[in-house]
Asks: 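Structure below; questions to follow.
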Amino acid sequence: MSETTRFAPSPSGHLHLGHAFSALFAQEQAGGGRFLLRIEDIDSGRCRPGYEAALLEDLAWLGLVWEEPPRRQSDHLADYAAALERLNAAGLIYPCFCTRREIAQEIARSASAPQGPDGPLYPGICRALSKAERRARLAAGARPALRLEMAKAARVAGPLFWQDAGEGRIQAKPEAFGDVVLARRDIGASYHLAVTLDDAVQGISLVTRGRDLFEATHVHRLLQALLDLPVPRWHHHALVTDEAGRRLAKRDDARSLRGLRAEGVTPGEVRARLKSACGTVGN
Ligand code: GLU
């Protein structure tokens, strides 16, 4: 079946074998359809233009061909702001003025701190602020993050399901994440918001990505419902590990594609290595 798929790296380091697998997997899953590239660079503190140039070069070296031009998230901040405005108009988001420290202290104080897939849930401190308090803090120059009021949003959306190639039909349980951040105070959008909107704008029919992002899909499915976006299907693939079974990380530069290339490894050898490690990427 022909699909529209994408590979969506963040230029916050050099690509490693795990990225190579993910990119090749996405291209393969397009099945002759469209294969797109997206540069997820909204986290300006971590992303560098030099890494973007390097990743484009590494992907081309690997033999990947994507439709030009790639979509760069930092070029579309206005789209994310418009989506936030829509959620705001629906009364589904609220400003959060808490520092990390305040959140940690509040969690430490409470007898039971519910855990979500990304750690302890936000204890809801700013959800209870009155309009007047919010106005006063904004007037005093505080710059808030924006959080989704999860219980309300899940209620508004009603029961939701999504289709995963490996796991079948799944009921979305976004409540497990609590009041997720949709815009950080320093960055106008969070990963969850940007990825969901971009997949819709790019017309992605099959979202392929690593198993580590499986849980995030619960939140994305909810955002699609709240923003009336089309619903793709998902294929979360296994992660590439090293010989000791550890997940590869960007800091592990020995495994970077450039490192391998400098050692004289060929793109064909990279593909063969990934094929024997993961079994699914063709040649
Ligand atoms: N940008 C994300 C990453 O580098 C991937 C996002 C996605 O595929 O949904 O891990």
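Here, residue 1 is the first one in the sequence, and each next residue gets the next number. Note that ligands are numbered from 1 as they come in the structure, with each ligand's atoms numbered from 1 the same way. All of these numbers come straight from a predicted model, not from anything done at the bench.
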Asks: Heavy-atom contacts with Glu40 under 4.0 Å: which atoms of ligand 1 show up? List them by number with element.
Replies: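 Checking each atom against Glu40, I get 1 (N), 2 (C), 5 (C), 6 (C).
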Asks: Looking only at distances, please establish whether an N/O atom of ligand 1 is found under 3.5 Å from an N/O atom of Thr208.
Replies: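 Between Thr208 and ligand 1 (N or O atoms, distance only) the closest approach is not under 3.5 Å.
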Asks: Quick one: do the His236 and Thr217 side chains pair a donor with an acceptor below 3.5 Å?
Replies: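 Side-chain D/A pair, His236 to Thr217: present.
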Asks: Would you tell me whether Gln202 and Arg38 have side-chain atoms, one donor and one acceptor, within less than 3.5 Å of each other?
Replies: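 Yes.
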Asks: Salt bridge between Arg211 and Glu167, side-chain N to carboxylate O under 4.0 Å?
Replies: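 A salt bridge is present here (some side-chain N lies under 4.0 Å from a carboxylate O).
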Asks: At a 4.0 Å cut-off, with the gap strictly under it, does some heavy atom of Tyr191 reach an atom of ligand 1?
Replies: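 Tyr191 counts as a contact of ligand 1 under the 4.0 Å cut-off.
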Asks: Arg38 to ligand 1: N or O pair under 3.5 Å?
Replies: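 The answer is no, given that Arg38 and ligand 1 share no N or O pair closer than 3.5 Å.
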Asks: If we set the cut-off at 4.0 Å for heavy atoms, which region of Arg6 has an atom near ligand 1: side chain, backbone, both, or neither?
Replies: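 Only the side chain of Arg6 comes within reach of ligand 1.
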Asks: Within the structure, does Val195 bring an N/O atom to less than 3.5 angstrom of an N/O atom in ligand 1?
Replies: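 Among all N and O atoms of Val195, none is under 3.5 Å from an N or O of ligand 1.
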Asks: Just checking, any donor-acceptor pair under 3.5 angstrom between side chains of Tyr80 and Asp198?
Replies: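 Yes, side-chain donor-acceptor contact under 3.5 Å.
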Asks: Output yes when Arg34 and Glu67 qualify as a salt bridge under the 4.0 Å nitrogen-oxygen rule, no when they do not.
Replies: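 Glu67 and Arg34: salt-bridged.
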